[in-house]
Structures are given as C-alpha cells and as structure tokens.
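Have a look at the structure below before the remarks.
All values derive from a computational prediction rather than experimental measurement.
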Amino acid sequence: MAKPSSTLRARLGSSLGLLVVALLVVGIFVARGQRDEAKVVPYSELVTAIDEGRAKEVTLGATEIQAKLAGKDGKADETIVVVRIPEMDERPLLDAMLKARGVSVSGKHEERGFFTTALLGVLPFIVIPLLFLGLSTFAARGQGKAMTFGKSRAKIYDQSPENVTRFSDVAGIDEAKAELTEVVKFLKEPAKYRAVGARVPKGVLLVGAPGTGKTLLAKAVAGESGVPFFSMSGSEFVEMFVGVGASRVRDLFEQAKSHAPCIVFIDELDAIGKARSGAQGFAANEEREQTLNQLLVEMDGFDSGSGLVMMAATNRPEILDRALSRAGRFDRQVLVDRPDVRGREAILKVHAKKVQLGVDVDLTHVAQRTPGMVGADLANVVNEAALASVRREAAIVEAQDFEEAIDRLQLGLKKGGRVMTDDEKRRVAFHESGHALVALSMKHADPVHRVTIIPRSIGALGATLQLPTEERYLVTREELLDRICTLLGGRAAEEVACEDVSTGAEDDLARATELSRLMVSRFGMSEALGPAATSRSADDAPAWMGRADGPSEATRQLVDTEIRAILDRELARARDVLSRERAKLDAIASALLERETLQRGELEALVAAPPAPPAPTSAT
C-alpha cells in the first residue's frame, strides 16, 4: 500500500483538529445548557425574594443555590441561581428563613451528565493521537527544511535559443572577450586540448569596476559553449549558522560535477574570499573562513579535464586571499575595464536596438559625451533618453532626448521652481562665462560643448560642459595646468566682474586642489620636490601622520607650499585672461542671462565677434 504523502497527512491532521475543537465546543454548550436556562443573581436578591414570600422551592448544591420563584404581577415563575460565597456558612440563616416561610428545601448532588462524562472519557483517546500526528508532521517538515538548509542556492540559467546570451550581446570589452574565447573552445572541443597535453585554466577571475559587464560576459561564455551555467553570489554562502556555507559549497560542486561540462560562476567573490585574518585577527569570521577553506579544497579536488570551469567576478581583487588567487585555482585574471570611446559607441548601439532613434541621433557624439561611463551607465542613458521622448509625447528618440538624459545623470534634475535673485543669477552667469572663456583660451583644454545657468538637483547653479575630442591615457604637465586654470576660471570671473567672491566655487576649488596635490605628490611635477612621489595613492595624504615610511615634516610642508603656488599661479593666469577679454566675458554673460543655455556654436560666434565700438560721447 502506498504511504500517504506529507501534504495528505497535514490535511488529515488539520481536519481531525477541527473536529476535536467542534466536539469540545458542543460539549461545553451542552454541559452548560441547563445552567443557561436559569438566571444568575446576587445572594442579596435571593434573600429579598424569600422575605417577600416568592420562594416556592430551593435546592442547595455544593457550589450554588437554585431557587424557583413565583412571578410578579401575573408573570410566569422564574428560576434563579446564586453562587455560594466561599468560606461563609449561610445554611443557618437560610434554614430559619425558609422554615418560617414554609418553603420546600432539597439538596443537589452535582454529577456530570452522560454526554459530559462520555466526552471527557473519549477525548484523551482522540487528542493524544492527534498530538502525536501533529508533532510528527512538524518534525518531518522541520527535517525537510534542515536537510535543504545546507543545499546550494545556485541558479541554473536557461540556455534555450531565445534566452541564451552570446558574445554578440556583449560590446565594448573586446580584449576580455578574446581572452575568454579559449575557454569556449575548450568546452566545445576538450579532446583537442587533451591530445597535446594542454591544460585549460581551472579558474578564471573577472576583475573590473561595477557595471562593466562581468556577469554578462560569464553568461556569454556559457551561451557560446552551450553548457549549463551555475550562478551564485558570494553572500549567499554565508549564514549565521556555522558550517552552512561550507555545506553549500560542497553541494554546489557536486551538482556541477554531475552536469559537467559546465560553468560555475560566483559573483562578488570578495564576500567569501577576503584574506584570512589569522591568529592576530581581532574580528575573525569563522563561518566565512570555513566557507573559504571549503572552496579552496573543492577547487583543488576537481580535474580541469572534466569539463568543469570555475569563473568568478570581483570589484576588489586586492583583498582576496592569496591562496584563492594563486595559480592552480584562479589561473587567469581577466580585466574587464571601462570602455573607451569606441567601446561606448558599440555598447550604445546594442542598447539602442530596442528604441526608435531619430535621424539626428549621433551615437558617436553620445559616446564622446559619456567618458568614464560603463555598460550599466550607458544602458541607463538610452533608457532615460527613451523616457525623455515619452515625456515630450514624441514617437521617436531624438538627439535632444539624449542630451537631456546625460545631463540628468551627470548633473541631476532641473530645478525649474528654484527662483534666484537678479544678483545671484548675474553672478552665476559670470562664473560659468569665466569657465567657458578660459577653456576656449587654453591650448590644451577640452572644447566647450555647452554652458548653462539652469539650476540642477545636485546643488549646481550652472554648468560648463566640455567634450573631449579623443580618448586620453596620458596627461602632460601643461594639460593638467590648463585644467586647473579652467577650474579656477569661475572664481577669477567673480573677482573681475563682481569684485567679490562667493561660495559657488566650492567644487571647483576642491577639484583644482586635488589635481595640484596629485601633480606634486604622485606625478613628480614639482620643481621644488623634483621627480619624487611622496604618496602612493590619492588617499595617502590624510594617512601620513603616524606612518613609518611617510614623508618628513619638512617634506609635507614643502608639498603644501607647492600646491599653494600652483593654485596661485593658475588663478592669476585665469584672471589675466579674463581681464584682457573682458568684453567677451560680458558678451557671454549677457547671452546666458538672456537664453540660459549656450551651445558650442553660439559660444564660438560670441568669442569670434569683434568687440562693439564704444558709444560716442558728446563734446563739452
């Protein structure tokens, strides 16, 4: 005979439980049926009824007194019940009163009724089996959950033709795709590699900034190979219970071995792969370290010739444990870098296939306007442009929608409701005009694309947008100085045109100071310090104090002196440019006050226009 399933047992237990509850309710009502027919009254009311001569019959019980009273004013007789007062012997008083009135008195032996007796006798034989059935069902469910608690939560992605990811879906990271082509070939033709004794990398670690497409690239490798793809995040291994993470690692590799050839992908590997603290650690995470140890054992335990390829992704490879990143486990590290201008254009073309583009959209121009953006950012640009076209109630996405999308992501939302005073608006116009005019006057500055004095949600009251003409990987000293001069152009314009400075140059000063610090402390571009690097990274400056290998006090003072000298020289240079070109500065500021936004062509026309002749004066 087939055993009932757990679901059937659960339903049976629930039904029997409801039946027992129903029987209890019925029994209580039946047992109390007689009691509900009588009216429960205070003891004093019984005494009053006996004094009035209305008592016909009184029955004395162990816990209560029941009396039958004659009705008043022709009403029917009624029965009342009085609860006897504990620790009080009221019998002598009642006997005297009842004897004086000639009332019939009888005693009552309180016995359970047949139904109550039967119910109480049968109930244990029903409740106890049901209790055991419920406990066994609960234990079975708990055991089932406990058995699955240590199971792997890896997702197996659907590799059907309509859902599969190919290399053609991944753009802008051609170097990374080329390195992973070898893995695809091995998974397709493993015998070809075994014939010559070659060993494919056991593990491939994808390294890169967030949003560069590491996970998408791993899916594309699986899609091109046509093998199962197991994906799991590093944080899913670690639980508050010790041993669960290690159990999940074991189960993951058991599943993968049974589906070989396949790809096992662990995203955010640094969640479990951080360097172990050792005996000196004050806050060692034993569960995470056990999970890492089990991962190391499993990676050593499988043969790369079995068709199982381990892939992982991380944004922070420098914090990984050396035992995890060494050769033999992760043999190859693939850098998934930020795309260059051609890569960004290729990524935009992939995402733009899903939207209706207008004839004026130039994706090359959009790629030039988005330096530093990764694949996820560019996908967001295309989506924001599509949303902007919907807000305009247009059927296609035009160039102005891409401009609005990029400004929205880089500068924030327009603050159309923010009302500035005339003086504030004039100061912002001269500030942005100073940035634009200095940039146009500098030999190595990037061309100005647009100037606006429309406030944005990130706190900027205006912006000067520059468009790089090409991708740069090296920057010269002169180019850095021109950038600092351009950043200080807004402050210089306020000094020249407004005769006072404001807080509007806060961000410009911070960026100019940081560039100056990098020139002096890292790039060796200071004449006083020479070709010496006094800090290892941009974050070392606050950490100088107390560092054994840090620069001396005299060197730190010299660094600060050189930074101040660079800023003073470039501010003076910007001030000189604006003083010589004051007429052009006034023209750009007036145009901004009138139109709020100036494009590149309009700026160039204002700068190229000859200055207006002075107004004639009358002879005196």
Side-chain angles (χ1 to χ4, degrees), residues 211 338-339 341 344-345 347-348 351-352 355-358 360-394 396-420 424-425 428-429 431-437 439-440 445-469 483 486-487 489-490 504-508 510-511 588-589 591-604:
R338 295 179 182 271
V341 63
R344 293 195 297 272
E345 183 179 356
I347 294 172
L348 287 169
H351 294 293
V355 298
Q356 299 292 330
L357 295 182
D360 62 338
V361 175
D362 184 4
L363 294 180
T364 302
H365 177 76
V366 177
Q368 291 174 343
R369 276 217 58 197
T370 53
M373 286 193 177
V374 297
D377 299 326
L378 296 171
N380 199 18
V381 167
V382 175
N383 185 61
E384 286 291 342
L387 294 176
S389 69
V390 174
R391 286 193 292 270
R392 292 191 303 108
E393 297 183 358
I396 59 175
V397 182
E398 299 178 355
Q400 60 177 325
D401 299 317
F402 277 96
E403 292 288 334
E404 174 63 26
I406 296 172
D407 289 346
R408 188 186 185 103
L409 294 176
Q410 291 181 342
L411 304 176
L413 296 173
K414 289 182 179 179
K415 300 288 287 186
R418 178 176 294 176
V419 179
M420 294 188 293
E424 286 177 334
K425 196 170 183 180
V428 172
H431 184 103
E432 299 304 331
S433 300
H435 284 308
L437 186 56
L440 291 171
D446 292 327
V448 179
H449 174 65
R450 187 167 75 253
V451 182
T452 179
I453 58 172
I454 298 175
R456 294 282 178 168
S457 60
I458 62 172
L461 300 178
T464 301
L465 305 176
Q466 294 176 263
L467 187 65
T469 55
R483 288 185 185 181
T486 302
L487 287 171
E506 176 187 2
D507 184 61
D508 301 330
R511 292 164 60 190
I588 297 174
L592 277 175
L593 288 172
E594 180 183 352
R595 287 172 269 179
E596 292 191 333
T597 300
L598 296 177
Q599 301 296 333
R600 179 175 179 176
E602 296 172 308
L603 280 171
E604 292 176 347

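Here the closest non-hydrogen pair linking Ile347 and Pro339 is CD1-CG, 3.8 Å. Closest heavy-atom contact between Gly372 and Arg338: O-NH1, 2.7 Å. Across Ala352 and Leu363, no two heavy atoms sit closer than the pair CB-CD1, 4.3 Å. Minimum heavy-atom separation, Ser433 to Leu592: OG-CD1, 3.5 Å. Heavy atoms only, all atoms of each residue included: Ala439 and Ala445 are closest at O-CB, 3.5 Å. Across all their heavy atoms, Ala436 and Val451 have their closest contact at CB-CG2, 3.7 Å.
The side chain to side chain donor-acceptor pair (under 3.5 Å) check on Thr464 picks up Glu432, with sequence neighbours excluded. Residues meeting the salt bridge (charged side-chain N to carboxylate O under 4.0 Å, His left out) test with Glu596, sequence neighbours left out: Lys425. With sequence neighbours left out, the side-chain contact (heavy atoms from CB on, under 4.5 Å) criterion links Arg450 to Arg369, Glu403, Asp407, Leu465, Thr597, Gln599. Remark: Gln400 engages Glu398 in a side chain to side chain donor-acceptor pair (under 3.5 Å) (not counting sequence neighbours). Here Gln368 pairs with nothing under the side chain to side chain donor-acceptor pair (under 3.5 Å) rule; sequence neighbours left out. Every residue two or more places apart in sequence or in another chain was checked for a salt bridge (charged side-chain N to carboxylate O under 4.0 Å, His left out) with Asp362, and none qualifies. By the side chain to side chain donor-acceptor pair (under 3.5 Å) test, Glu602 is found to be paired with Arg595, residues two or more places apart in sequence or in another chain being considered.
In this structure, CG in Asp401 is found 9.0 Å from CD1 in Ile396, a value given to the nearest 0.5 Å. Here Leu603 contributes atom CG and Ile588 contributes atom CD1; the two are 5.5 Å apart, rounded to the nearest 0.5 Å. Residue Leu409 holds its CG atom at 9.5 Å from CD of Glu404, rounded to the nearest 0.5 Å.
With a 4.5 Å cut-off on side-chain heavy atoms, Leu461 and His431 do not count as touching. Within the 4.5 Å cutoff, no side-chain heavy atoms of Gln466 are placed close to those of Arg483. Using a 4.5 Å heavy-atom cutoff, the side chains of Phe402 and Thr370 are not in contact.
Evaluation of the ring-ring contact (aromatic ring centres under 6.0 Å, His included) test over residues 365-387, restricted to residues two or more places apart or in two chains, returns His365-His449.
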Side chains of residues 374-389: which donor-acceptor pairs under 3.5 Å do they make with residues two or more places apart or in other chains?
residue: Asp377; atom: OD2; partner: Val374; partner atom: N; Å: 3.2
residue: Ser389; atom: OG; partner: Ala386; partner atom: O; Å: 2.6

